[in-house]
Number of protein chains: 2
Amino acid sequence: MFIQTGFRQQTNSSACRTMSPDVPALLAHTCPSAVSLYTPNSEIFAQGERAGPLYLVEFGTVRICRLTADGRRQISAFHFAGEVFGFEYGTEHHFYAESVDSSGIRVLRPRLDDMMADAILPLALKSLTRAQEHLLVLGRQNAAEKMAAFLLDLADRQGNTSVIDFSMQRNDIADYLGLSFETVSRILTRLKLAKVISIPHVKQIEMLDIEALEDLRG
Amino acid sequence: MFIQTGFRQQTNSSACRTMSPDVPALLAHTCPSAVSLYTPNSEIFAQGERAGPLYLVEFGTVRICRLTADGRRQISAFHFAGEVFGFEYGTEHHFYAESVDSSGIRVLRPRLDDMMADAILPLALKSLTRAQEHLLVLGRQNAAEKMAAFLLDLADRQGNTSVIDFSMQRNDIADYLGLSFETVSRILTRLKLAKVISIPHVKQIEMLDIEALEDLRG
DNA sequence: CGAATTATTGAAACATGTCAAGGATCGTGG
DNA sequence: CCACGATCCTTGACATGTTTCAATAATTCG
């Protein structure tokens with residue numbers, strides 16, 4: 001499912017566009033591997049698998065998922081270029097990770113030096129804050145509000161252009177927002193009819209009225 | 001809203017019943033204050049307030065909350081005796097914390113030594129895992145499944161007796177599970193009629209059929 | 001004991017899910 | 001490069017779970 005690139009990459013990661021200042025600090029305390037290429041929908045790590053290394057997204061998109069016993073899926077996070085994922089409490093992954101599109105992932109094996117936790121902690125805390133904010137969205141927002149929150153978050157992480165490029169499909173958005181994919185589709189057309197967004201392409205949305213989206217999000 | 005206890009408490013925290021092994025490690029790297037007593041519904045820290053110290057629950061219950069612009073509330077977590085809360089990415093609290101009942105909280109001011117992050121990281125990661133699992137509940141479970149998950153979680157954290165004592169009211173449970181308090185009430189009576197639980201008292205539930213609850217939770 | 005708060009229950013409204021059909025898009029192989 | 005099949009997306013009609021509003025009952029607190 002994945003291919004190691006033949007050339008050894010530079011240690012300085014190329015995933016710089018949106019990289020948080022916490023990442024370089026982490027790189028200094030890990031042994032970054034070469035970039036592995038993952039095909040769409042391929043698994044990066046499985047639920048129940050032994051945890052340990054962290055993962056840096058060089059390009060592409062990753063989803064962190066969990067299933068209920070009867071197969072309903074919740075995506076707890078998407079990760080884009082420059083972001084790190086794979087933190088776990090304990091030795092076992094409680095979630096599984098998949099590549100959404102074609103992605104490049106660098107495995108970061110911790111050097112067991114003293115400063116390791118210092119480097120990881122801020123990233124773990126950022127993930128925690130994100131998850132907590134997502135709880136508010138899932139628990140207390142309606143479909144339109146969820147969608148607005150998602151679009152604004154995506155725009156923010158893509159560098160605040162008003163045109164958003166989607167790597168994930170409606171299905172993924174639905175499972176991230178706790179909706180059905182039909183509802184995702186309906187909300188998008190509703191926002192389009194209200195001239196809040198336009199949809200030049202299935203995987204591209206232009207935000208026409210950002211203020212309206214921000215009002216929606218609350 | 002809170003009263004400092006006159007006597008200086010021992011550094012060895014008394015909140016041992018459910019204490020995680022990670023907590024003693026943390027205590028060794030902080031300057032624990034005396035226990036502060038909080039009255040029901042009093043604020044421990046506010047959203048937007050400067051973050052820094054951590055908080056150890058000695059007794060009682062704490063809720064971590066966030067409001068939408070129009071006043072809907074999401075409780076992202078409850079914390080019981082022996083648990084630590086107050087982690088933040090950055091310098092500012094993104095959530096606010098309140099005492100649910102009468103609680104005793106010990107402020108842990110970090111000593112700025114090298115091992116601080118090592119002590120905090122496991123606790124932060126546990127909070128992260130909890131939040132992620134809560135995302136599945138909020139996003140993909142129906143009211144009965146949410147309730148089952150909540151009851152089993154509570155039972156587990158109270159030491160796995162089949163009788164659960166609630167410190168929070170229906171309203172709090174609703175805001176934790178992303179439901180209305182009426183629905184919480186209805187689900188409880190439904191479970192009672194199905195002989196899955198009994199409700200000897202408004203703030204006490206006995207689990208009669210744990211397997212049924214586990215099936216529900218998934 | 002009485003007032004205020006909290007919890008339960010019912011009826012109706014509403015948002016979202018489910019099921020089903022038709023369109024668009026994408027990838028592949030001729 | 002086009003045509004085909006498969007996948008994904010959109011839209012509609014209907015079913016359903018949950019919320020909302022309202023009234024009553026239970027509990028807590030002074």
Side-chain angles (χ1 to χ4, degrees), chain A residues 39-42 61 63 68 70-75 100-102 137-150 164-194 197-205 216, chain B residues 39-42 61 63 68 70-74 100-102 137-148 150 164-194 197-205 216:
Chain A
T39 55
N41 301 309
S42 57
T61 307
R63 60 177 173 247
T68 62
D70 58 343
R72 286 167 285 173
R73 183 179 67 159
Q74 177 66 41
I75 296 179
V100 172
D101 48 4
S102 291
V137 173
L138 290 187
R140 286 297 179 218
Q141 312 245 89
N142 62 31
E145 293 166 339
K146 286 176 176 180
M147 199 67 222
F150 179 67
I164 305 166
D165 291 296
F166 289 84
S167 46
M168 67 291 289
Q169 49 191 42
R170 301 291 187 264
N171 209 349
D172 292 316
I173 301 172
D175 286 349
Y176 179 69
L177 295 177
L179 299 170
S180 67
F181 65 87
E182 294 97 330
T183 297
V184 167
S185 190
R186 273 186 262 264
I187 296 292
L188 287 176
T189 55
R190 179 133 60 91
L191 290 174
K192 185 175 68 180
L193 292 175
I197 62 173
S198 70
I199 310 183
H201 182 76
V202 184
K203 297 230 168 173
Q204 197 172 60
I205 285 182
L216 256 181
Chain B
T39 56
N41 302 308
S42 57
T61 307
R63 59 178 174 246
T68 62
D70 59 345
R72 285 168 287 173
R73 182 180 67 159
Q74 177 65 40
V100 171
D101 47 5
S102 291
V137 173
L138 290 187
R140 286 298 178 217
Q141 311 245 88
N142 64 29
E145 293 167 340
K146 287 176 175 181
M147 200 67 221
F150 179 67
I164 305 167
D165 291 295
F166 288 85
S167 45
M168 67 291 288
Q169 51 192 43
R170 300 292 186 264
N171 207 352
D172 291 316
I173 300 173
D175 286 350
Y176 179 69
L177 295 178
L179 299 170
S180 67
F181 63 86
E182 294 97 330
T183 297
V184 167
S185 190
R186 273 186 263 264
I187 296 292
L188 287 176
T189 55
R190 181 136 56 93
L191 290 174
K192 185 175 67 179
L193 293 176
I197 62 173
S198 71
I199 311 184
H201 180 76
V202 186
K203 297 231 168 171
Q204 198 172 59
I205 285 183
L216 257 181

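Throughout, protein chains are lettered first and strands after them, A, B, ... in sequence-line order, and every chain is numbered starting at 1. Since we're looking at a predicted model, the values are computed, not measured.
- For A/Arg140 and C/dA15, the CZ to P distance is 16 Å, given to the nearest whole Å.
- You'll find the side chain of B/Asn41 reaches within 4.5 Å of the side chain of B/Arg63, heavy atoms only.
- A/Glu182 contributes a side-chain N or O that forms a donor-acceptor pair with the base of C/dC19 under 3.5 Å.
- Tested against B/Arg140 for a side chain to side chain donor-acceptor pair (under 3.5 Å), the candidates A/Asp175, A/Thr68, A/Asp70 yield a single pass: A/Asp175.
- Within the 4.5 Å cutoff, the side chain of B/Leu191 has heavy atoms near those of the B/Leu216 side chain.
- Once rounded to the nearest 0.5 Å, the distance linking CD of B/Gln204 with CD1 of B/Ile197 reads 12.0 Å.
- Separating the CD atom of A/Gln169 from the P atom of D/dT10 is a distance of 11 Å, rounded to the nearest angstrom.
- Side-chain atoms of B/Arg170 come within 3.5 Å of backbone atoms of B/Val202 as a donor-acceptor pair (strictly under, hydrogens ignored).
- Taking atom CG on B/Asp70 and atom P on D/dT20, their separation rounds to 10 Å, with Å as the unit.
- Comment: B/Arg73 engages B/Asp172 in a salt bridge, judged by a side-chain N to carboxylate O separation of less than 4.0 angstrom.
- At least one donor-acceptor pair under 3.5 Å links the side chain of A/Ser180 to the backbone N or O of A/Thr183.
- Ranking D/dC9, D/dT20, D/dT11 by closeness to the B/Arg186 side chain, first place goes to D/dT20.
- Whole-Å rounding puts the A/Arg72 CZ to C/dT18 C1' distance at 14 Å.
- Between the CG atom of B/Asp101 and the C1' atom of C/dT5 there is a distance of 17 Å, given to the nearest Å.
- Direction change of the helix axis from one end of the helix from C/dC1-D/dG30 to C/dG30-D/dC1 to the other is 50°, with five pairs defining each end axis (rounded to 10°).
- Minimum interatomic distance between A/Gly178 and A/Leu138 (heavy atoms only, all atoms of both residues): N-CD2, 3.9 Å.
- Here the straight-line distance linking atom OG of B/Ser185 with atom CD1 of B/Ile173 works out to 10.0 Å at 0.5 Å rounding.
- The shortest heavy-atom contact between B/Met147 and B/Val184 is SD-CG1, 4.3 Å.
- Rounded to whole Å, the distance from CG on B/Asp172 to P on C/dT6 is 10 Å.
- The CG-P distance, from B/Asp175 to C/dA7, rounds to 12 Å in whole Å.
- Put simply, the side chain of B/Gln74 gets close to the backbone of B/Tyr176: a donor and an acceptor are under 3.5 Å apart.
- Note: CD1 (B/Ile205) to P (C/dA7) measures 11 Å, nearest angstrom.
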Check: protein-nucleotides 14-18 of chain D nitrogen or oxygen pairs below 3.5 Å:
from	atom 1	to	atom 2	distance (Å)
D/dT18	OP1	B/Ala143	N	2.7

(request) List the protein contact pattern of nucleotides 23-30 of chain D with one symbol per nucleotide (5' to 3'): B for base contact, S for sugar-phosphate-only contact, - for none; contact means a heavy-atom distance under 4.0 Å. (result) ----SS--
